[in-house]
Amino acid sequence: MDDKTMVFDVNKTQQKTTRDILKTVYAALEEKGYNGIDQMVGYILSGDPSYITSHNNARLMISRIDRDDLLEEILKEYLQK
């Protein structure tokens, strides 16, 4: 039996989930013929979920994440590069 303690980092898990959701929502928007970036910006700025397609449950997925958290994730990723 292994005596090592597993470490669970909620922040890393949430960030991965947020990133995955953003990618999924973007792909769903593009599949439906929308400009994914423009639609997501519209959603983040307004909070209006109608900017996001319901295709592949994209609207439901993105609505589960606080818009402030979405913006934080985007800025973190952008500024790391």
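Values below: all heavy atoms of this structure, side chains included; hydrogens, waters and symmetry mates excluded.
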Review point. Is there a side-chain contact between Asp66 and Leu70, using heavy atoms and a 4.5 Å cut-off?
Key: no

**Study point:** Gap between atom CD1 of Ile21 and atom CG of Leu60 - 0.5 Å precision
**Key:** 9.5 Å

Review point. Do Asn35 side-chain atoms and Asp38 backbone N/O form a donor-acceptor pair below 3.5 Å?
Key: yes

Exercise for review: Please round to the nearest 0.5 Å and tell me the distance separating atom CZ of Arg67 and atom CD of Glu72.
Suggested key: 14.5 Å

Point to revise | Within-4.5 Å side-chain heavy-atom neighbours: Met61 and Arg64 | key: no

Point to revise | Donor-acceptor contact below 3.5 Å, side chain Asn56 vs main chain Ala58 | key: no

Give every donor-acceptor pair under 3.5 Å between a side-chain atom in residues 22-29 and any protein atom, sequence neighbours left out.
residue	atom	partner	partner atom	Å
Thr24	OG1	Asp20	O	2.9
Tyr26	OH	Glu30	OE2	3.4

Review point. Can you get from Leu71 to Ile37 by hopping between Ile, Leu, Val, Met, Phe, Trp and Tyr side chains that sit under 4.5 Å apart?
Key: no

Point to revise | Sub-4.5 Å side-chain heavy-atom contact between Asp69 and Thr18 | key: no

Review point. Is Tyr51 atom OH crowded by more than 12 heavy atoms from other residues, nucleotides or ligands, each under 6.0 Å away?
Key: no

**Study point:** Reported CD-to-OG distance for the pair Gln39 and Ser50, which is rounded to 0.5 angstrom
**Key:** 8.5 Å

**Study point:** Interatomic spacing from OH in Tyr34 to CE in Met40 - rounded to 0.5 Å
**Key:** 14.5 Å

**Study point:** Nearest heavy atoms of Ile65 and Tyr43, plus distance in Å
**Key:** O-OH, 4.4 Å

